[in-house]
Number of protein chains: 2
Amino acid sequence: MMTTIKDIAQKADLAVSTVSYALNDSSKISDKTKKKVIELAKELNYQPNGTARNLKKQKTETIGLFLNDLGGPYYSELIKGVQEVTSSNEYDLVACDAAGGVDSTAYTFLKEKRVDGAIILAPSISDELIIQVAKNQLPTVVLDRELESEHICNVLIDNIKGAYKAVSHLTKLGIEKIAYLSGATDSYDNKNRFKGYKKALLDKGISYQPDWFIEGCFTEESGYKAIKELLVNKKSANLPEAIFAANDEMAIGAIQALQEGNIKVPDDIAVVGFDDINLASYIRPSLTTISHPKYQLGKLATQMVFEGLEENFAGKSITISTDLVVRESCGG
Amino acid sequence: MMTTIKDIAQKADLAVSTVSYALNDSSKISDKTKKKVIELAKELNYQPNGTARNLKKQKTETIGLFLNDLGGPYYSELIKGVQEVTSSNEYDLVACDAAGGVDSTAYTFLKEKRVDGAIILAPSISDELIIQVAKNQLPTVVLDRELESEHICNVLIDNIKGAYKAVSHLTKLGIEKIAYLSGATDSYDNKNRFKGYKKALLDKGISYQPDWFIEGCFTEESGYKAIKELLVNKKSANLPEAIFAANDEMAIGAIQALQEGNIKVPDDIAVVGFDDINLASYIRPSLTTISHPKYQLGKLATQMVFEGLEENFAGKSITISTDLVVRESCGG
DNA sequence: GTGAAAGCGCTAACAT
DNA sequence: ATGTTAGCGCTTTCAC
């Protein structure tokens, strides 16, 4: 069995409160007693029970990071930023997966108040849940949607301008036939990246061709499949001159499919992605893409959570700007 | 304030126990009462408090995955395997970072019993802590060391044979001057990979050259720096013909350094890694490496945890075999 | 079918 | 400086 402060109290012939104070190094307790308690604790292999303390103190000192795909390629730097801030505030951090809907760990931890603050980057978590949970005083920072409600703050990437930059770069190279490889169509990021794409075309007087809306769902595989299909369906004369993918993973899948179809990237078709994941600089041709400061994003989001712990930060919204990173895949 | 069952009980003019039973859909309670309670719960935006339940039930139904580097490139598939098994057992999963020693979330969660089982892949967690924590009935699976103690089970990669395969492949290609790019020298993985390297040389009658032990620490940067230095110090005549890196990240760093030094991989120097991370197939030249079934590893480790939840599995040890994946970087 | 009460392990206000 | 006590929100035994 686990030893509790009760056991220590018994053995030491002290009250539990005294033991508790001693273990928490309270100034009320004499050095002698403290020493005795601490020794006994070590002897009995005592470990405080976090659950009990959390219940009593009505807080967990833990921040939850809720991701759609724990271990996905996007998050590594972001997590570092989050970690930096949580640990410098002497809080704990747990990363939870949100895939699986209402049965996911994300739902459980959010609803059951097993964290004191939440950072959400998981489109699969519904707006309703977030709003409901945040209503119960849970400071929540959402990175993947715009949401105005109590105890919710938005930290967003400037998707529209980012996409605009990507597409404008292509048009500046004289390319006009630019396809859009879409992510999940209902996602916030995708919607805005699509907006930026259309705006860039419009500003150049290029009319948007619904025909060049290619549907994927943010995964590498979806990009690969979508382009494979495209190559089967279209005559080569009817192919776009460039593909702007709503994220890097799809762009990488697309490049793979193009190469397998003996289409040269960027000579025949240029490809531009979004996010600047690690892989982007490693693949050949290296991927032109839109980068955003992930580490900073993580730090900022987490700082906001701690701000929300102190005061109600509802309604705050921060937008992070993006940068075009030109590499080989666009030929420019 | 958060609503509790007490609030519901009051409003419904019922006992808290009745409310609790009703919410847990106990057969004792009349449908009418259940309906009333559930409606009221919804109305008051009631959410059960997980901490309280965990305390009462003396379990969290949560498995902890403790990693040295949350978001590192290695773990993605492993995490999926772990997730698969935890969720099929209707448990939750939290991933915790172990960097930062005794102040890390890993230490806190392990010591405070905030998880019911642990999967550890974090050399920075000390053997002592693991043994101590496991003594308190915490089923623990370690993936990064051999450890025999109560409630601990080992799931290991066959590092020695893996390294042996890698180096043997090089010697079969007629390469004899093979350098070893080492990971953290005190790590279990590194020690055994080094053993396999030496054994493969020995079996071919090639004597081990301490001179070709190059020190890194498993990071891409450490591999890059180590090889940069090597190129500065050695005359080109004195360079090895191949580098066997203790993991892929260092191998990738090494390739980068070699290419910057105008040394052709694999023509001038072959490079082989270990782990078969995602990146390995994307870089150019693609990386020859030793793969192991990460998803399976995650599944297996997690299944072991659940086994340990039922019965004491102490002393069990499983070793996973590896495969050589030949790609471009070794020229074979 | 419902209620009263004990208790999980801890903290903290209030005695002494 | 130490002890007594109440209680965090929940589950569960036992009584009615």
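Throughout, a chain's letter reflects where its sequence line sits, starting with A, and its residues are numbered from 1.
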Query raised in the report: Which of these nucleotides, C:dT2, D:dC8, D:dT11, is closest to any side-chain atom of B:K6?
Result: D:dC8
Query raised in the report: What is the distance from atom OG of A:S104 to atom CG of B:L93, rounded to the nearest 0.5 Å?
Result: 11.0 Å
Query raised in the report: In whole angstroms, how far is the C1' atom of C:dC8 from the CD1 atom of A:I5?
Result: 12 Å
Report task. In plain terms, say whether B:K80 and B:E77 are close enough for a salt bridge, that is, a side-chain N and a carboxylate O under 4.0 Å apart. Result -> yes
Query raised in the report: What parts of residues 22-38 of chain A reach DNA chain D, counting only heavy atoms under 4.0 Å away?
Result: A:K28, A:I29, A:S30, A:T33
Residues 116-123 of chain B side chain polar contacts: donor-acceptor under 3.5 Å, at least two apart:
| unit_1 | atom_1 | unit_2 | atom_2 | d |
| --- | --- | --- | --- | --- |
| B:D116 | OD1 | B:T60 | N | 3.0 |
| B:D116 | OD1 | B:T60 | OG1 | 3.0 |
| B:D116 | OD2 | B:T60 | N | 2.9 |
| B:D116 | OD2 | B:E61 | N | 2.7 |

Query raised in the report: Does the ring pair (Phe, Tyr, Trp, His ring centres under 6.0 Å) test come out yes or no for B:F306 and B:Y91, once each step is laid out?
Result: CA-CA 10 Å; B:F306 282 103; B:Y91 264 57; 4.9 Å; yes
Query raised in the report: Checking all strands, does A:T4 fall into the base, sugar-phosphate, or nothing category for heavy-atom contacts under 4.0 angstrom?
Result: sugar-phosphate
Query raised in the report: Is there a side-chain polar atom (N or O) of B:Q58 under 4.0 Å from OP1 or OP2 of C:dG9?
Result: yes
**Report entry** Interatomic distance, A:I5 atom CD1 to A:S17 atom OG [nearest 0.5 angstrom]
**Finding:** 8.5 Å
**Report entry** Under-4.0 Å side-chain N/O to phosphate OP1/OP2 contact, B:Y46 with D:dC10
**Finding:** yes
Requested in this report: With the side chain counted from C-beta on, respond yes when B:P293 and B:I320 share a heavy-atom pair under 4.5 Å apart, and no when they do not.
Outcome: yes
Report summary line: From NZ of B:K59 across to P of C:dG9 the rounded distance in Å is 15 Å
Query raised in the report: Given atom NZ of A:K56 and atom P of C:dC10, what is their separation to the nearest angstrom?
Result: 13 Å
Query raised in the report: Do B:S20 side-chain and D:dT11 base share a donor-acceptor contact under 3.5 Å?
Result: no
Requested in this report: Would you mind reading off the distance between B:K57 atom NZ and D:dC10 atom P, rounded to a whole angstrom?
Outcome: 13 Å
Query raised in the report: Could you give the CG-to-P distance, from A:N54 to C:dA12, as a whole number of Å?
Result: 13 Å
Query raised in the report: When the distance from CD of A:Q10 to P of D:dG3 is rounded to whole Å, what number comes out?
Result: 13 Å
Query raised in the report: Base, sugar-phosphate alone, or nothing: which one does B:T18 contact when heavy atoms must sit under 4.0 Å apart?
Result: base
**Report entry** Separation of D:dC10 P from A:L55 CG (nearest whole Å)
**Finding:** 9 Å
Query - Which nucleotide in C:dA4, D:dG3, D:dT11 has an atom nearest any side-chain atom of A:S17 - result: D:dG3
Query raised in the report: Across the strands shown, which category fits A:D13 at heavy-atom distances under 4.0 angstrom: base, sugar-phosphate, nothing?
Result: sugar-phosphate
Query raised in the report: What integer distance in Å separates B:I8:CD1 from C:dG3:P?
Result: 14 Å
Query raised in the report: Is any side-chain N of the basic residue among B:E43 and B:K11 closer than 4.0 Å to the acidic one's carboxylate O?
Result: no
